[in-house]
Colleague: 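A single structure is presented below for examination.
As the structure is a computational prediction, the values presented were derived from the model and not from experiment. These numbers come from the heavy atoms of this one structure, side chains and all, not from hydrogens, waters or symmetry mates.
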Amino acid sequence: MAVPSGERAQTVAVDCRCPDSWGSNPERDCSKRGSSRGAHSDHDATTLKISNASNALFFEPHQIPQRLSFCRQIPPKAVKYSDAGGYVWSEKSMIITLNWNANVTKIPRTMIKKSQTIYKVWFVAWSLISGHLVVGEPIGEQQQSIPSVKTAGALTEQQLKSHVERIDAFIQAGLAEHGVPANPRTPDAVFLRRVYLDIIGRIPNLEEARTFLRSSMPTKQRDLINQLLDSEGYVSREFNYWADLLRIQSRLRNAPGKPYLDWVKNALRENKPYDEMVRELIQAEGYIWDNGAAGYYLRDAGMPLDHMANTFQVFLGTQLACAQCHDHPYDEFTQLDYYQQAAYIFGVKTTDREVVKEYRKIGRRVNTDGIDPDTRQMARRMIQPLRYRVNETRSKLRLPDDYQYDDASPKSVVEPMAIFGDEIRLAKGESPRDGYAAWLTSAENPRFATVIANRLWKRVMGVGLIEPVDDLADSYSASHPQIMDYLTKLIIDLDFNLRDYLRVLYNTQTYQRNVSAEEWEEGSPYFYPGPLLKRMSAEQLWDSVVGLIVQDIDERRGNPAQNQRYAQAKQLVGMSADKILEVAEERAEADGVRRKLRQKAQELQKRIQAAQRQQNPSEVRRLRQEQTALSKEMRHLENTMASGRQRSRTRRLASNDPRWRGIPDELVRASEIQSPAPPRHFLHQFGQSDRETIENANDEANVPQVLTLLNGPFYSQLRRSNSAFQMTCESARNTTELLDAIYLSILTRLPNLEERKLLLPGFEQDPDTAADDLAWVLLNTRQFAFVQ
């Protein structure tokens with residue numbers, strides 16, 4: 001069945017079998033074999049490709065590596081699709097490809113580079129009957145070997161359906177091949193709770209649960225997914241994920257982290273394309289208050305080599321840290337490779353030398369001109385933030401003094417060079433960093449799209465197609481190569497729209513099946529009969545519990561402290577040294593007045609307490625009037641300062657909403673809390689990442705967690721008159737409805753018959769006590785803590 005050498009093959013007839021039988025029942029032929037043109041029309045068009053000849057079957061390109069493994073000559077994981085149009089695999093210094101006679105041929109790499117088109121292969125198929133590899137060309141350009149999954153703009157319903165069906169078909173074929181049954185479709189209540197936790201990071205409230213469970217719309221799952229992906233809760237959930245990856249902290253090394261946090265949240269809220277978001281981080285410059293993305297460099301200020309290693313691990317799934325000190329022990333990367341790659345961003349500095357020189361003049365004047373000590377201290381404090389500004393210099397990276405390899409000399413200057421993939425060619429006037437950013441985020445980069453597609457697949461399904469997700473060695477392979485290839489192409493053709501990519505994954509039957517409760521061991525195969533059972537993250541637990549207390553939790557913003565020094569420093573940019581000293585003198589005077597007023601307020605409070613002990617009401621009234629006047633004076637002083645007005649305005653905004661009156665300020669979503677949460681906080685106890693290393697969260701149970709849920713402060717807040725849970729209880733018209741409402745609010749399901757029989761008598765006797773006890777019990781169940 002080989003195609004004759006030198007002839008243009010228009011069709012290739014291949015005896016075929018149904019794909020469902022591949023690898024599971026090699027003797028079973030397709031019942032439609034031998035039929036006329038158009039056979040197999042009932043098969044999934046994304047799985048089979050039929051030529052113009054009858055009985056002809058072509059494998060899609062993503063299937064070829066798996067099919068070639070039937071030859072038992074080629075390891076399937078080594079086969080890769082070449083941009084030149086054929087399938088090639090490496091063997092030492094040779095490239096192995098297929099010639100027109102379907103013979104395996106070794107061709108030197110240099111020849112492939114000189115003339116790739118000679119060896120162009122359009123279709124490759126494995127004939128299971130004849131035992132030959134066959135190769136052919138398509139008739140005209142309308143028959144492409146790789147069908148595009150290009151989606152222009154937002155996904156249409158038809159496009160969404162096509163992608164979903166394609167992915168499910170891949171999974172189903174793998175399950176059939178390995179004899180693994182698919183899990184049953186998940187019930188509505190379980191799906192509802194899972195999709196809320198996965199997309200917006202909290203359980204649904206009572207109204208949300210009732211609305212979905214009572215709906216009979218056939219598209220309600222898809223509609224809910226769309227609703228959640230377009231909500232503010234999605235931004236909160238995604239921020240927690242990216243804060244772990246980017247190690248975002250509220251306090252950076254030399255700057256406040258809030259502008260950086262806000263930048264990331266806004267990028268997620270605007271659904272900024274992923275490649276654009278990463279480029280803006282890599283190319284960020286300026287002060288953090290002007291450009292929040294500058295926080296990406298300020299996070300690793302003074303550590304350019306570590307910063308590059310972190311960038312590669314997050315965005316390219318490649319761990320290079322070992323190569324910083326020596327050649328990589330498990331990969332092909334050398335120490336010189338590492339330094340050549342780091343050279344692209346070594347010129348990026350987080351301190352502005354020119355600014356430092358300018359403001360040193362102020363320091364000299366402060367020391368020599370006899371300036372008041374308070375003014376001197378204020379001036380130094382004011383200008384300190386101006387030192388930290390991301391800017392690009394012409395600094396050159398040199399190899400370390402103890403460099404020990406013979407491919408370069410110690411302390412020699414390192415020229416930038418990409419560690420893998422295409423060479424980075426800089427346009428005229430383009431900086432090394434700009435070229436590096438374009439190379440890293442390019443759709444042509446062999447790892448950029450694959451890594452994020454795989455990371456998000458793992459978030460949704462529980463296991464990555466490539467594991468570990470951030471340690472792709474040079475010979476990495478996916479457990480399901482055809483799915484990984486398709487998802488990589490999908491995310492590129494979606495123009496890196498992560499929200500639409502997740503929309504596809506959440507709509508698959510694979511995601512909407514029951515979870516697999518068996519523990520998966522890394523390194524063992526997983527065929528995705530359904531998602532893996534997983535424990536809630538610290539943020540999901542916190543947001544779910546707080547959501548039982550706080551009404552409309554997604555609308556409640558946090559109240560992070562404003563850093564006055566940086567708010568003041570922003571106003572100093574471009575000021576002369578004389579003007580800065582003038583401002584410093586005014587602020588030093590204001591600080592002095594503030595200290596005196598505070599001291600006076602403390603003394604006044606002591607006098608009031610003394611008058612109360614002496615039972616002298618007239619003196620107490622007089623002192624209270626003094627206290628009121630003093631408070632007005634202090635507020636006036638605070639309100640003359642911009643940062644004070646901003647902080648005061650934020651506090652009033654947070655406290656005046658009647659929905660949340662009296663509820664502690666700290667009861668907000670995890671994304672609105674200090675990052676990471678302070679020690680002994682609920683989030684810290686339940687394993688939130690310390691944001692020091694990439695994805696450092698821990699979901700293991702421990703004793704402090706149990707004690708926190710058993711005896712924590714949440715239960716008193718649950719019974720507040722304006723808590724969401726208390727209002728749910730009070731809206732119930734009878735004990736049965738009350739029982740149902742509590743189960744729906746906490747477990748997102750109704751009680752079963754046995755639970756009703758056990759609990760209803762207690763609700764009939766004392767509904768308030770029974771409601772309190774049941775809430776306490778349900779919040780401490782494993783059913784609450786896990787995502788089913």
Colleague: Using 0.5 Å steps for rounding, measure from the CZ atom of Arg557 to the CD atom of Glu672.
Modeller: 5.5 Å

Colleague: Strictly below 4.0 Å, N to O, side chains only: are Arg669 and Glu232 in salt-bridge contact?
Modeller: no

Colleague: As a quick check of understanding, evaluate side chain to side chain contact (heavy atoms under 4.5 Å, CB included) for Leu320 and Gln324, giving each step before the final call.
Modeller: CA-CA 7 Å; Leu320 298 177; Gln324 183 174 340; over 6 Å; no

Colleague: Taking it one step at a time, do Arg499 and Glu238 satisfy side chain to side chain contact (heavy atoms under 4.5 Å, CB included)?
Modeller: CA-CA 10 Å; Arg499 196 174 298 191; Glu238 290 300 298; over 6 Å; no

Colleague: Give, for atom CG of Leu316 and atom OG1 of Thr441, the distance between the pair rounded to the nearest 0.5 Å.
Modeller: 9.5 Å

Colleague: What do you reckon, is CD of Glu157 surrounded by more than 12 foreign heavy atoms closer than 6.0 Å?
Modeller: no

Colleague: Quick one: do Asp543 and Arg237 make a salt bridge, cutoff under 4.0 Å?
Modeller: no

Colleague: Can you check whether Ala449's main-chain N or O pairs, donor with acceptor, with Tyr274's side chain at less than 3.5 Å?
Modeller: no

Colleague: Would you compute the distance between atom CG of Leu494 and atom CG of Leu487 and round it to the nearest 0.5 angstrom?
Modeller: 10.5 Å

Colleague: Can we say Arg389 and Glu285 salt-bridge, meaning some charged N sits less than 4.0 Å from an Asp/Glu carboxylate O?
Modeller: no

Colleague: Is Cys322 close to His326 at the side-chain level, that is, under 4.5 Å between some pair of heavy atoms?
Modeller: yes

Colleague: Working note: Asp244 + Arg691, criterion salt bridge (charged side-chain N to carboxylate O under 4.0 Å, His left out); need CA distance, chi angles, decisive distance, verdict.
Modeller: CA-CA 6 Å; Asp244 277 4; Arg691 309 274 157 85; 2.8 Å; yes

Colleague: For Tyr506 versus Tyr511, what's the shortest heavy-atom pair and its separation?
Modeller: O-CD2, 3.3 Å

Colleague: Please say whether more than 12 non-hydrogen atoms of neighbouring residues, nucleotides or ligands are located less than 6.0 Å from CG in Asp262.
Modeller: yes

Colleague: Show your working on salt bridge (charged side-chain N to carboxylate O under 4.0 Å, His left out) between Glu692 and Arg299 and close with a plain yes or no.
Modeller: CA-CA 10 Å; Glu692 292 293 342; Arg299 171 64 183 83; 3.7 Å; yes

Colleague: Are side-chain N/O atoms of Asp471 and Gln319 paired as donor and acceptor at under 3.5 Å?
Modeller: no

Colleague: Quick check against the 3.5 Å criterion: does Asn391 have a side-chain atom that pairs as donor or acceptor with the backbone of Val348?
Modeller: no

Colleague: What pair of heavy atoms forms the shortest contact from Leu268 to Tyr234, and how long is it?
Modeller: O-CE2, 4.3 Å

Colleague: Could you go through Met484 and His480, starting from their C-alpha distance and side-chain angles, then the distance that decides it, and tell me whether this counts as side chain to side chain contact (heavy atoms under 4.5 Å, CB included)?
Modeller: CA-CA 6 Å; Met484 192 71 263; His480 296 64; over 6 Å; no

Colleague: Val314 and Leu245: which non-hydrogen atoms are nearest, and at how many Å?
Modeller: CG2-O, 3.4 Å

Colleague: Please find the pair of heavy atoms, one from Asp690 and one from Gln249, that lie closest to each other, and give the distance.
Modeller: O-NE2, 3.6 Å

Colleague: For Tyr287 and Leu386, indicate whether the former's side chain and the latter's backbone hold a donor-acceptor pair under 3.5 Å.
Modeller: yes

Colleague: Quick one: does Tyr297's side chain have a donor or acceptor within less than 3.5 Å of a partner on Ile282's backbone?
Modeller: yes

Colleague: Are more than 12 heavy atoms, taken from residues, nucleotides or ligands other than Met417, located less than 6.0 Å from that residue's CE atom?
Modeller: no

Colleague: So, does Lys349 use its side chain to make a donor-acceptor pair with the main chain of Phe346 at under 3.5 Å?
Modeller: yes

Colleague: Give the intermediate values and the outcome of side chain to side chain contact (heavy atoms under 4.5 Å, CB included) for residues Phe420 and Asp337.
Modeller: CA-CA 9 Å; Phe420 55 66; Asp337 291 335; over 6 Å; no

Colleague: Do Phe448 and Phe496 make the cut of ring centroids closer than 6.0 angstrom?
Modeller: yes

Colleague: With distance as the sole test, does Thr393 use its side chain to make a donor-acceptor pair with the main-chain N or O of Gly347 at under 3.5 Å?
Modeller: yes

Colleague: Given Arg247, which partner from the list Asp300, Thr693, Asn696 fulfils the side chain to side chain donor-acceptor pair (under 3.5 Å) test?
Modeller: Asp300

Colleague: The test is salt bridge (charged side-chain N to carboxylate O under 4.0 Å, His left out); show your working for Asp554 and Arg202 and say whether it passes.
Modeller: CA-CA 10 Å; Asp554 294 328; Arg202 65 167 176 85; 3.1 Å; yes

Colleague: Donor-acceptor pair, Ser250 side chain versus Gln674 backbone, under 3.5 Å?
Modeller: no

Colleague: In terms of the angle between their ring planes, are Trp439 and Tyr436 parallel, tilted or perpendicular, with boundaries placed at 30° and 60°?
Modeller: parallel

Colleague: Are the side chains of Val515 and Arg194 in touch, meaning some heavy atoms are under 4.5 Å apart?
Modeller: yes

Colleague: Does a salt bridge link Lys489 with Asp485, judged by any charged N lying under 4.0 Å from a carboxylate O?
Modeller: no

Colleague: How far does CG of Asp275 sit from CZ of Arg279, to the nearest 0.5 angstrom?
Modeller: 4.5 Å

Colleague: Report yes or no: do Asn445 and Ser442 form a side-chain donor-acceptor pair below 3.5 Å?
Modeller: no

Colleague: Can any side-chain N or O of Lys534 pair as donor or acceptor with the backbone N or O of Arg459 at less than 3.5 Å?
Modeller: yes

Colleague: Between Trp457 and Tyr486, does the ring centre distance come in under 6.0 Å?
Modeller: no

Colleague: Determine yes or no for a side-chain-to-main-chain donor-acceptor pair under 3.5 angstrom, with Asn507 supplying the side chain and Arg503 the backbone.
Modeller: yes

Colleague: Sub-3.5 Å donor-acceptor pair from the side chain of Ser537 to the main-chain atoms of Gln540, do we have one?
Modeller: yes

Colleague: Determine the minimum heavy-atom distance between Pro259 and Ile288, stating which atoms define it.
Modeller: CB-O, 3.3 Å

